[in-house]
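Computed from a predicted model, the values in this text were never measured in an experiment.
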Amino acid sequence: MISTRSTEFVAALARASEENGLEEHYRSTVRPLFAMPRSQWPGCCGGGCEPCAQTLIAVADRVCELLGVEYD
């Protein structure tokens, strides 16, 4: 289980967001991904959403890498 309120998570989220070009005010949209199975994470709908689900997933994946955890 990943604690999305831990200082380690917050630091990893900040770094992953910067690396993937996710604006600071969108960081909170990544947290809900960690409350559901990875199989339920949304995909890109092609509708030009901001931020795109692909970006959110890229940030979440990078957070996992930085924390050294695998997320199912």
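In terms of heavy atoms, Ala53 sits closest to Cys44 at CB-N, 4.1 Å. The minimum heavy-atom distance between Cys64 and Phe34, with the atom names listed, is SG-CE2, 3.7 Å. Between Ile57 and Pro42, the shortest heavy-atom contact is CD1-O, 2.8 Å. Of all heavy-atom pairs between Trp41 and Asp61, the closest is CZ3-OD1, 3.8 Å.
In Glu65, the CD atom is crowded: over 12 heavy atoms of neighbouring residues, nucleotides or ligands sit closer than 6.0 Å. Under a cut-off of 6.0 angstrom, the local environment of CD in Gln40 is crowded, with over 12 non-hydrogen atoms contributed by other residues, nucleotides or ligands.
Using a distance-only test at 3.5 Å, with no hydrogens or angles considered, no donor-acceptor pair links the side chain of Arg38 to the main chain of Tyr71.
Atom-to-atom distance recorded for Arg31:CZ and Phe9:CZ is 5.5 Å, nearest 0.5 angstrom. How far NE2 of His25 is from OG of Ser17: 11.0 Å, rounded to the nearest 0.5 Å. Atom CD of Glu70 and atom CD1 of Ile2 lie 10.5 Å apart (nearest 0.5 Å).
Glu18 pairs by the salt bridge (charged side-chain N to carboxylate O under 4.0 Å, His left out) definition with Arg27, not counting sequence neighbours.
Only one option out of Leu67, Leu66, Val63 pairs with Leu13 in a side chain to side chain contact (heavy atoms under 4.5 Å, CB included); it is Val63.
No single ILVMFWY cluster, assembled from side-chain heavy atoms under 4.5 Å apart, contains both Leu56 and Val10.
Within the 4.5 Å cutoff, the side chain of Pro51 has heavy atoms near those of the Thr29 side chain.
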